[in-house]
Structures are given as C-alpha cells and as structure tokens.
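What follows is one structure encoded as structure tokens, with my remarks underneath.
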Amino acid sequence: MATIKLENIRKTYEDGITVIENLNLDIKDKEFIILVGPSGCGKSTTLRMIAGLEEISDGNLYIGDKRVNDVSPKDRDIAMVFQSYALYPHMSVYKNMAFGLKNRKVPKDEIDRKVKEAAKMLDIEEYLHRKPRALSGGQRQRVALGRAMVREPSVFLLDEPLSNLDAKLRTEMRNRISILHRKLQTTFVYVTHDQTEAMTMADRIVVLKKGEVMQFDTPSTLYNHPKNMFVAGFIGSPQMNFLNVRIEVIKNSYFAVSEDFKIKLPERMYDALSLYRNKDIVLGIRPDDLHIKNEYSDEKNPEKVRVFVDIVEMTGSDYFLYGNAGSQKITAKVPTTFSVHNDTECELAVDTDKIHIFDKVSENLICD
C-alpha cells in the first residue's frame with residue numbers, strides 16, 4: 001500500500017516564516033495527485049517534506065501505515081524526479097539508470113534486466129550507451145524517469161519535471177508520464193505551475209494558496225464547481241470572468257444587474273440568492289460560456305451582454321476576444337467561423353446554465 005497522509009502539517013523556517021500552517025491531505029494508493037498554485041504557495045515544500053528533504057515543523061506524515069517524520073529519505077521507499085534532471089554527465093545513460101541499484105548492491109543481472117525493461121518502456125533503448133550531453137531535453141527527462149523507475153518505489157515524487165521543455169515536448173512527455181503511471185500502478189505526487197498539465201494528467205488536484213488547501217478534487221469538479229474565486233480563477237485558461245453586479249428581484253425573478261447589462265438568473269439559484277437581495281455579488285462566467293449571439297437559436301432566448309472588443313487573438317479553431325462590458329473587462333472564446341475584429345462591438349449570449357455566483361466579501365461560492 002502506498003497511501004500518503006499529511007496530518008496537521010506545519011512548516012516554519014529558522015527565520016520564523018511559516019509557509020505551511022495546517023495542511024491535511026489523504027492520498028489514495030495508486031492515485032495520480034498534482035499540486036498546483038502560484039509561486040510560493042508551498043507546493044514544492046510539501047513534496048520535499050514527503051520526500052524527507054525538508055524537516056516537518058509539526059504534524060504527522062504517513063506513507064502506508066508508517067509514520068515517517070523521522071525516517072531518512074532513502075528508507076521511505078520513494079523516488080524523486082527533479083526539474084533539472086540531475087544526471088551524472090560523465091556516466092552513460094545505462095550507468096545513470098543503474099547507479100542507485102549498484103549502490104544498493106543489487107546483483108548485476110537484476111540491474112541489467114531492470115534498466116533494459118525501463119529503457120524499453122520509455123523508448124530510450126538506443127541511447128543507453130550515450131552520455132547525457134548527447135541527448136535532447138525530452139530524452140534526458142526520460143532517463144531521469146527511468147532512473148527512478150528501476151528502483152520500483154511505492155511512491156513517485158515529481159517536481160516540475162517538464163518545465164524546461166518546449167511546448168511540443170511537454171505534450172509528448174505528459175502523455176508518456178500518464179501512460180507510465182497506468183503501467184506502474186504506483187502512487188504519483190506531481191508538482192507543477194502549469195494548470196494544463198494538472199487538468200490533463202491528474203486523478204485529483206490540490207489547489208494551494210499560501211500553504212492552505214483551497215480545494216482538493218477531480219479536474220472536472222474543480223473546473224465546473226470551484227469552491228471559491230481563487231480556484232475558479234486559477235483553473236481554466238483564459239481564466240473565468242468576474243463581473244461585479246447587484247442582485248435585484250423584478251416581478252419575482254432574480255437578475256444580476258450592472259450599469260451596462262442585466263442578466264436573468266436561473267430559478268435553481270433563487271433559494272441561495274434570497275439572502276442577497278439588493279446586495280453586491282460577483283458573477284463568474286467562463287470565456288467558453290459566452291457565445292456570439294447568432295450561435296444560439298431564437299428559441300433559447302439567451303441573456304446578452306454588449307462588449308466592445310479591444311483585441312482578437314486567433315488560436316487555431318477559436319478566437320479569444322478581450323474587451324469590456326461597460327467598465328468591466330471580459331474575455332470570450334468563440335469559433336473562427338465568425339468574423340470579429342479589433343475595436344468593434346458585438347453582442348455575446350450568456351449560457352446561464354454555466355454561471356457561478358460568489359460572495360463579494362468572502363469570495364466563496366454561493367451557487368452555480
């Protein structure tokens with residue numbers, strides 16, 4: 001079993017700065033967990049505490065059923081893959097991968113079998129006798145993964161392993177690591193600042209802010225049902241639109257009203273919004289849920305927002321429109337089948353089935 005449990009974990013450095021106050025996580029056996037958040041949120045520190053490379057100031061850390069606070073890194077049955085690859089430049093790929101096993105006095109024939117099996121799985125067999133300097137960044141990263149694999153650890157820890165690669169290689173390596181996880185059936189804990197990696201690879205994602213867990217859930221739940229504005233803004237690209245509005249009740253219907261638009265809200269939200277009559281709230285709308293008006297049929301009778309478009313970015317099959325609804329910034333994602341230009345006005349239909357309502361003060365979700 002390679003479950004991981006962090007129980008009331010705190011990390012304070014000698015200068016008195018606390019980066020993690022009270023962290024609680026339960027990671028299941030064989031899960032692929034990704035820690036995301038802005039720089040300085042504590043994600044790499046958390047990974048290093050699991051690895052034993054950072055001392056825990058308070059709380060308990062369990063791997064399996066064993067408390068490992070005072071267990072040295074080499075005895076935790078973990079393997080770590082770093083952003084920098086950390087390969088020995090004077091050794092061949094084969095020797096780099098075999099190094100840890102050799103130090104553990106593993107028999108030569110077993111080392112040979114494990115190295116070759118890992119090399120085959122990672123498609124680096126032809127590079128076994130090359131030195132790292134003769135490899136590309138993606139090939140070096142596969143060697144670093146292979147070196148971790150041959151140890152057959154219970155837990156893989158990966159600290160931003162793809163950040164040094166170009167966009168094409170990152171996509172390729174994302175796929176390789178996902179396939180590797182399925183084949184190895186081992187617990188993976190992965191740190192990244194790239195939400196695309198998190199959304200495409202993870203079973204569950206931990207969203208951190210200043211050492212605190214904002215939400216720990218599946219990619220789909222984080223995207224469709226964020227608990228607060230921080231998660232809603234961090235997950236999704238471009239990020240969710242946040243519009244300051246006031247809740248008004250007109251003829252028993254609830255509306256989100258600003259100086260420049262009025263959107264009728266779904267009836268399913270009325271109970272939750274009954275305490276917010278005539279109060280300011282934040283309306284969250286993802287760029288994907290704003291549509292060029294004539295994409296919708298007349299029967300749908302959508303709520304509409306008039307937007308002045310400042311910039312149009314083409315991304316291939318879609319345009320990103322960056323503009324303003326009155327005094328408020330707004331971003332929309334629309335198909336390139338529609339003709340939209342800089343410095344023009346257009347009317348956007350709002351998919352009210354997908355909107356989110358947040359408390360203006362606490363920034364927590366009211367309803368979605």
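In summary, Lys168 and Glu172 do not engage in a salt bridge, as defined by a charged side-chain N under 4.0 Å from a carboxylate O. The pair Arg306-Glu345 meets the salt-bridge criterion, with a side-chain N (NZ, NE, NH1 or NH2) lying under 4.0 Å from an Asp/Glu carboxylate O. Ion pairing of Glu7 with Lys5 is present here, as a side-chain N (NZ or NE/NH1/NH2) and a carboxylate O approach within less than 4.0 Å. We find that Arg268 and Asp271 are not joined by a salt bridge, their nearest charged nitrogen and carboxylate oxygen being 4.0 Å or further apart. A salt bridge is absent between Asp112 and Lys108: the closest approach of a Lys/Arg side-chain nitrogen to an acidic carboxylate oxygen does not fall below 4.0 angstrom. Salt bridge annotation for Lys354-Asp368: absent, with no cationic side-chain nitrogen under 4.0 angstrom from a carboxylate oxygen. Using a cut-off of 4.0 Å between Lys/Arg side-chain N and Asp/Glu carboxylate O, Arg246 and Asp280 are scored as salt-bridged.
Other residues, nucleotides and ligands contribute more than 12 heavy atoms inside 6.0 Å of the CD atom of Gln185. Under a cut-off of 6.0 angstrom, the local environment of CG in Asn103 is crowded, with over 12 non-hydrogen atoms contributed by other residues, nucleotides or ligands. Applying the 6.0 Å contact sphere to CD of Glu117 captures more than 12 heavy atoms from other residues, nucleotides or ligands.
No donor-acceptor distance shorter than 3.5 angstrom exists from the side chain of Asn324 to the backbone of Ser327, with no hydrogens or angles considered. In this structure, the side chain of Arg151 engages the main chain of Ile78 through a donor-acceptor pair within 3.5 Å. Checked by atom type and distance alone, the side chain of Ser178 never pairs as donor or acceptor with a backbone atom of Arg176 at under 3.5 Å. With hydrogens and angles disregarded, a donor-acceptor distance shorter than 3.5 Å links the side chain of Arg76 to the backbone of Val71. The backbone N or O of Leu365 sits nowhere less than 3.5 Å from a side-chain atom of Asn228 that would complete a donor-acceptor pair. Put simply, the side chain of Asp217 never gets that close to the backbone of Leu222: no donor and acceptor are under 3.5 Å apart. A donor-acceptor pair under 3.5 Å is formed between the side chain of Thr187 and the backbone N or O of Ala2. Remark: side-chain polar atoms of Arg174 are not paired, donor with acceptor, to backbone N or O of Ala198 under 3.5 angstrom. A donor-acceptor distance shorter than 3.5 angstrom exists from the side chain of Gln215 to the backbone of Lys227, with no hydrogens or angles considered. Judged by distance alone, the side chain of Asn224 and the main-chain N or O of Ser220 form a donor-acceptor pair under 3.5 Å.
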Item checked: Check against side-chain contact (heavy atoms from CB on, under 4.5 Å), Val350 and Phe261 -> CA-CA 11 Å; Val350 180; Phe261 59 83; over 6 Å; no

Note to self: Using the rule given for side-chain contact (heavy atoms from CB on, under 4.5 Å), can you reason through Leu290 versus Lys333, listing the C-alpha separation, both sets of side-chain angles and the distance that settles it, and then say yes or no?
What the structure shows: CA-CA 7 Å; Leu290 290 165; Lys333 178 182 176 183; over 6 Å; no

Next item on the list: For the pair Asp159 and Tyr190, evaluate side chain to side chain donor-acceptor pair (under 3.5 Å) and give the outcome as yes or no after the intermediate values.
Entry: CA-CA 6 Å; Asp159 191 4; Tyr190 186 112; over 6 Å; no

Notebook entry, point to check: Which is it for Asp194 and Val36 under the side-chain contact (heavy atoms from CB on, under 4.5 Å) test, yes or no, and what are the steps along the way?
Noted result: CA-CA 7 Å; Asp194 185 334; Val36 298; over 6 Å; no

Next item on the list: Apply side-chain contact (heavy atoms from CB on, under 4.5 Å) to Val307 and Leu321, showing your working.
Entry: CA-CA 9 Å; Val307 174; Leu321 311 184; over 6 Å; no

Margin query: Determine whether Asp318 and Thr315 satisfy the following criterion, side chain to side chain donor-acceptor pair (under 3.5 Å), listing intermediate values before the conclusion.
Written below: CA-CA 5 Å; Asp318 297 301; Thr315 63; 4.6 Å; no

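Note: Phe358 and His356 have parallel aromatic rings, judged against thresholds of 30 and 60 degrees for the angle between ring planes. Using a 30° and 60° split on the angle between ring planes, His181 and Phe32 fall in the perpendicular class, above 60°.
Residues Glu31 and Lys28 share a closest heavy-atom pair of OE1-N, 2.8 Å. When all heavy atoms are compared, the tightest approach of Gly146 to Ala118 is O-CB, 4.3 Å. Taking every heavy atom of both residues into account, Leu273 and Tyr254 meet most closely at O-CE2, 3.7 Å. Looking at every heavy atom in both residues, Thr192 comes nearest to Glu160 through CA-CG, 4.0 Å. Shortest non-hydrogen contact noted between Ser253 and Lys264 is OG-CE, 3.6 Å. In this structure, Leu53 and Pro73 approach most closely via the heavy-atom pair CD2-CG, 4.2 Å.
Residues satisfying the side chain to side chain contact (heavy atoms under 4.5 Å, CB included) test with Pro238, not counting sequence neighbours, are Pro287, Phe320, Tyr322, Thr331.
Residues Leu6 and Ile50 form a side-chain contact, since some pair of their non-hydrogen atoms from C-beta on lies under 4.5 Å apart. With contacts defined as side-chain heavy-atom distances shorter than 4.5 Å, the pair Val334/His291 does not qualify. Using a 4.5 Å cut-off on side-chain heavy atoms (C-beta onward), Leu180 and Met121 make contact. The side-chain heavy atoms of Lys114 and Glu152, taken from C-beta on, include a pair separated by under 4.5 Å. Side-chain contact between Arg286 and Ile355 is absent, with no heavy atoms from C-beta onward closer than 4.5 Å. Contact of the Asn252 side chain with the Tyr270 side chain is not registered, since no non-hydrogen atoms from C-beta on lie closer than 4.5 Å. Under the 4.5 Å side-chain criterion, counting only non-hydrogen atoms from C-beta, Asp260 is not in contact with Gln328. Contact check for Ile366 versus Tyr276: side-chain heavy atoms found under the 4.5 Å cut-off.
Taking CD1 from Ile111 and CG from Leu101, the interatomic distance works out to 5.5 Å, rounded to the nearest 0.5 Å. The line from OG1 of Thr186 to NZ of Lys30 is 8.5 Å long, rounded to the nearest 0.5 Å. Atom CG of Leu35 is separated from atom CG of Leu157 by 9.5 Å, given to the nearest 0.5 angstrom. For the atom pair CZ (Arg10) and CG (Asp58), the distance works out to 5.0 Å, reported to the nearest 0.5 Å. The CE atom of Met199 sits 8.5 Å away from the OG1 atom of Thr218 when rounded to the nearest 0.5 Å. The NE2 atom of His341 lies 11.0 Å from the SG atom of Cys346; values are rounded to the nearest 0.5 Å.
The cluster map of Ile, Leu, Val, Met, Phe, Trp and Tyr, joined by side-chain heavy atoms under 4.5 Å apart, puts Leu169 and Leu122 in the same cluster. Residues Phe99 and Met149 do not share a hydrophobic cluster, defined by chaining ILVMFWY side chains whose heavy atoms lie under 4.5 Å apart. Leu275 and Leu283 fall within the same hydrophobic cluster, where Ile, Leu, Val, Met, Phe, Trp and Tyr residues are linked whenever their side-chain heavy atoms come under 4.5 Å apart, directly or through other members.
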Contacts under 3.5 angstrom, residues 13-27 side chains, donor-acceptor by atom type, not counting sequence neighbours:
{"unit_1": "Tyr13", "atom_1": "OH", "unit_2": "Glu54", "atom_2": "OE2", "d": "3.4"}
{"unit_1": "Asp15", "atom_1": "OD1", "unit_2": "Ile17", "atom_2": "N", "d": "3.1"}
{"unit_1": "Thr18", "atom_1": "OG1", "unit_2": "Thr12", "atom_2": "OG1", "d": "2.8"}
{"unit_1": "Asn24", "atom_1": "OD1", "unit_2": "Asn8", "atom_2": "N", "d": "2.8"}
{"unit_1": "Asn24", "atom_1": "ND2", "unit_2": "Asn8", "atom_2": "OD1", "d": "3.4"}

Please tabulate, for side-chain N and O atoms in residues 128-138, each donor-acceptor pair with protein atoms closer than 3.5 Å (sequence neighbours left out).
{"unit_1": "Ser136", "atom_1": "OG", "unit_2": "Gln139", "atom_2": "N", "d": "3.3"}
{"unit_1": "Ser136", "atom_1": "OG", "unit_2": "Gln139", "atom_2": "OE1", "d": "3.3"}

